[in-house]
Enquirer: 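Have a look at this one.
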Amino acid sequence: MPVRAAPSAHRFGAAARGGPGRGGGGWERGLAASGAARPREPGGTEVTHHDQLDYSDRTDFEDADRGLVAPPATDTVAGPDGRVAWDFRATDFLAGECPETVHPSLWRQSQLTARAGLFEVTEGIYQIRGFDLSNMTLIEGERGVVVVDPLVSAETAAAGLALYRAHRGERPVTALLFTHSHIDHFGGVFGVVEPGTDVPIVAPAGFMEHSVAENVYAGTAMLRRGGYYSGMALSAGPTGKVGMGLGFAASEGTAALIPATVEVTRTGQEERLDGVLFRFQLTPDTEAPSELNFFLPERRALCMAENATHNLHNILTLRGAVVRDARIWSHYLTEAIELFAADSDVVFASHHWPTWGTERLTRFLSEQRDLYGYLHDQTLRLLNQGLTGPEIAEQFELPPALATAWHARGYYGSVSHNVKAVYQRYMGWYDGHPASLWEHPPTATATRYVDCLGGLDAALAKAREYADAGDLRFAAQLLKHAVFAAPDRADAKEQLAEVFERLAHGAENATWRNCYLVGAYELRNGARPTPISAGSMAGALSVDQVFDSLAIRVNGPRAWDERLSTVWKFTDLGTVHRVTLRNGVLVHREAAADGGPADLTVTLTKPQLFALLAGKGTDGLGLDGDATVLDRLFAALDDPDASFPVVTP
């Protein structure tokens with residue numbers, strides 16, 4: 001592979017110093033004249049606040065470039081099969097001036113997140129940035145190096161570790177630390193350790209439970225929707241993908257999951273890993289259901305995981321997740337300030353770049369704290385006045401000091417969907433209006449709206465009028481109905497695709513931009529198969545979690561009349577599990593060996609269970625009873641659809 005001539009940080013320097021070009025207002029043309037008191041940019045940010053942003057402020061660029069040790073050694077990162085997992089050249093276009101098709105604030109953020117290489121945070125602490133959506137942190141100890149959050153894929157994690165070793169020596173990995181239960185913080189584990197490793201693996205309480213619940217149970221739907229908000233189908237460039245706000249993109253390599261061996265269960269817990277003292281703060285239900293921050297008192301360095309990064313984060317991500325608690329998030333940021341800020345010289349996270357200096361980092365953490373606190377408290381104030389989530393989002397404004405802080409901008413999360421998420425956490429989907437109780441589903445609703453408008457051609461003409469008048473938001477709503485009412489009409493799909501593109505070009509929020517552009521792509525080209533599978537994490541599941549995963553796949557109506565019982569004896573685990581299917585419900589529990597008769601008893605090992613579920617047959621299994629029960633059980637299961645339609649019915 002060719003060696004890169006210069007790091008991204010240097011190649012972007014000239015364009016960055018000049019500031020992003022304001023262009024000819026393509027992003028302005030994307031603004032929707034919504035009829036609100038002030039026009040709002042897609043992404044929920046006030047236009048007036050955008051006008052107050054200080055593009056001459058170069059502090060973020062200086063911090064993002066600080067401590068560069070070495071750029072990536074190659075142009076691409078590929079796996080053993082030659083498939084490219086990461087291409088550093090994909091961000092080369094960001095070296096230029098901001099085009100009309102990208103919001104200038106988002107262009108600036110994308111330039112910052114594209115900086116790639118090995119960076120020194122402080123003595124003995126290094127980060128790999130720009131190799132994936134997330135950062136990998138390397139903390140030098142007495143014998144080797146502690147790896148924190150090994151990226152999404154084994155391929156990118158291995159490349160990052162190799163770059164570190166090329167400049168810091170062949171230090172062995174002596175411990176692993178997962179800060180939270182999202183795949184971009186543990187998926188690349190086998191790029192830094194071998195399966196079966198005996199090094200300590202540290203994670204917050206509940207890590208395995210929530211990693212599986214989020215990435216496996218609802219994994220198919222989340223990955224499908226994640227393809228929209230990540231821009232998976234898009235080509236990199238000014239009219240396509242320009243980033244995700246947190247980073248440029250997620251790598252497309254091999255992900256895995258292994259259980260922790262050391263669990264952090266309380267704030268104040270300390271562990272020495274390879275001679276380095278770690279002091280932990282447990283922060284459940286913040287950015288992830290299972291998450292922690294940690295402080296290195298001997299290095300005066302504070303890691304905030306993903307609880308404080310250089311953008312507004314999500315209270316509810318667009319791919320779907322459990323709604324996060326903005327109130328407790330704000331509380332834990334206050335606690336982190338009180339516990340660690342005065343004793344810290346640098347704060348860093350698992351995305352973006354560090355902030356140096358006690359005063360600066362304290363201000364940064366305080367503003368992040370105020371950001372989530374304000375979102376929570378003001379949403380509750382307004383919902384208690386009777387406003388619904390969309391009504392609150394439409395009028396919600398951040399204080400100017402927060403709205404004009406670069407690190408509080410809505411590049412990944414947005415004020416608009418975060419306000420709706422806070423509302424959802426407390427009030428649920430129902431807005432309180434009786435007409436909302438029993439609405440028709442989308443296709444049935446669409447056909448009725450189109451009929452009311454006088455037919456599809458009249459609906460398309462009316463939508464074009466709204467789009468031409470600048471009301472892209474309502475044009476999109478109307479065209480959604482047109483497409484669902486007549487999915488075979490190519491002109492309806494193309495008209496909606498054009499509106500989506502215009503909305504994308506005006507979006508400061510990267511994930512909104514990606515959703516709009518992928519929607520346009522699929523309207524024109526059909527659904528693109530999701531290249532990532534949650535099945536790559538199956539080996540880490542407990543037997544209970546495996547049976548939970550099967551229960552989710554039972555086709556209830558098809559299994560209404562099935563009555564079957566099985567006992568599963570795991571010789572390698574020394575456990576017995578009883579599984580029954582009745583009334584379309586798969587019930588399982590660990591049981592005593594003599595728990596009563598069953599239609600079939602299966603004697604096997606846990607690896608044999610995975611082989612059976614992978615369709616490799618029953619050879620080597622002990623089967624006592626009616627062997628056809630297995631066929632009946634598997635016949636009751638549905639296969640998830642990883643390419644289900646989103647913008648068409």
Side-chain angles (χ1 to χ4, degrees), residues 1-13 15-16 64 68 70-96 99 101-102 106-107 109-119 127-136 150-164 166 183-184 187-188 190-192 223 226-255 351-352 510-511 513-514 517-518 521 528-533 536:
M1 297 180 181
V3 176
R4 288 176 67 79
S8 299
H10 290 175
R11 292 188 306 106
F12 292 164
L68 178 69
T74 60
D75 278 340
T76 60
V77 175
D81 60 358
R83 187 166 70 95
V84 174
W86 189 258
D87 189 343
F88 294 102
R89 299 167 299 184
T91 59
D92 284 351
F93 71 94
L94 290 165
T101 53
V102 184
L106 176 58
W107 187 261
Q109 179 77 352
S110 296
Q111 287 184 321
L112 288 162
T113 59
R115 283 151 158 73
L118 172 68
F119 295 81
Q127 284 192 312
I128 294 293
R129 300 186 212 131
F131 277 56
D132 215 314
L133 181 64
S134 49
N135 300 336
M136 180 168 69
L151 308 182
V152 176
S153 302
E155 293 83 350
T156 52
L161 183 60
L163 180 63
Y164 166 80
I183 195 170
D184 52 324
F190 289 145
V192 296
L223 285 169
Y228 267 67
Y229 95 127
S230 67
M232 196 173 290
L234 306 177
S235 298
T239 60
K241 184 189 299 183
V242 298
M244 287 184 64
L246 280 180
F248 185 71
S251 61
E252 297 187 8
T254 307
H351 294 274
H352 301 145
T511 57
R513 175 187 173 91
N514 290 338
L517 290 179
V518 174
Y521 173 92
R528 180 188 181 213
T530 303
I532 303 172
S533 171
S536 61

Enquirer: Given 3.5 Å as the limit, does a donor-acceptor pair link the side chain of Thr101 with the main chain of Pro238, or not?
Expert: yes

Enquirer: How would you list, by chain and number, every residue that makes a side chain to side chain donor-acceptor pair (under 3.5 Å) with Ser153, sequence neighbours excluded?
Expert: Ser251

Enquirer: Before you tell me yes or no, could you show the steps for Arg115 and Leu68 under side chain to side chain contact (heavy atoms under 4.5 Å, CB included), namely the whole-Å CA-CA distance, both residues' side-chain angles and the distance that decides it to 0.1 Å?
Expert: CA-CA 10 Å; Arg115 283 151 158 73; Leu68 178 69; over 6 Å; no

Enquirer: Quick one: OH on Tyr164 to CZ on Phe119, what's the gap to the nearest 0.5 Å?
Expert: 16.0 Å

Enquirer: Can you name the side chain to side chain donor-acceptor pair (under 3.5 Å) partners of Tyr521, sequence neighbours left out?
Expert: none

Enquirer: Provide the closest heavy-atom pair for Gly130 versus Ala116 in the form atom of the first, atom of the second, distance.
Expert: O-CB, 3.7 Å

Enquirer: Could you tell me which residues satisfy side chain to side chain contact (heavy atoms under 4.5 Å, CB included) with Asn135, sequence neighbours excluded, listed by chain and number?
Expert: Gln127, Arg129

Enquirer: Residues two or more places apart in sequence or in another chain: which of them pass side chain to side chain contact (heavy atoms under 4.5 Å, CB included) with Ala158?
Expert: none

Enquirer: Restricting to non-hydrogen atoms, name the atom on Pro150 and the atom on Ala157 that form the minimum distance, rounded to 0.1 Å.
Expert: O-CB, 3.5 Å

Enquirer: Determine the minimum heavy-atom distance between Ala114 and Leu94, stating which atoms define it.
Expert: CB-CD1, 3.9 Å

Enquirer: Say whether, by atom type as modelled, one donor and one acceptor occur between the side chain of Trp107 and the main chain of Gly96 under 3.5 angstrom.
Expert: yes

Enquirer: Do Asp87 and Thr76 pass the side-chain hydrogen bond (donor to acceptor under 3.5 Å, both in side chains) test, and can you show the C-alpha distance, the side-chain angles, and the key distance before you say yes or no?
Expert: CA-CA 4 Å; Asp87 189 343; Thr76 60; over 6 Å; no

Enquirer: Does any non-hydrogen side-chain atom of Pro72 lie less than 4.5 Å from one of Trp86?
Expert: no

Enquirer: Can you tell me which residue pairs pass the side chain to side chain donor-acceptor pair (under 3.5 Å) test with a partner in residues 229-244, sequence neighbours excluded?
Expert: Tyr229-Arg319, Tyr229-Tyr412

Enquirer: State, to 0.1 Å, how close Asn514 and Gly243 come at their nearest heavy-atom pair, and which atoms those are.
Expert: ND2-O, 3.1 Å

Enquirer: Taking atom CZ of Phe248 and atom OG1 of Thr91, what is their separation to the nearest 0.5 Å?
Expert: 6.5 Å

Enquirer: Drop me the distance from Thr254's OG1 to Asp81's CG, to the nearest 0.5 angstrom.
Expert: 7.5 Å

Enquirer: So, does Arg513 use its side chain to make a donor-acceptor pair with the main chain of Met244 at under 3.5 Å?
Expert: no

Enquirer: How long is the gap from CG on Leu517 to CG on Leu234, to the nearest 0.5 Å?
Expert: 5.5 Å

Enquirer: For a 4.5 angstrom cut-off between non-hydrogen side-chain atoms, does Leu151 reach Asp184?
Expert: no

Enquirer: Quick one: does Phe131's side chain get under 4.5 Å of Leu163's, heavy atoms only?
Expert: yes

Enquirer: Rounded to the nearest 0.5 Å, what separates atom OG1 in Thr156 from atom CD1 in Ile128?
Expert: 10.0 Å

Enquirer: Just jot down the side chain to side chain contact (heavy atoms under 4.5 Å, CB included) partners of Thr113, sequence neighbours excluded, or say none.
Expert: Gln109, His352, Trp353

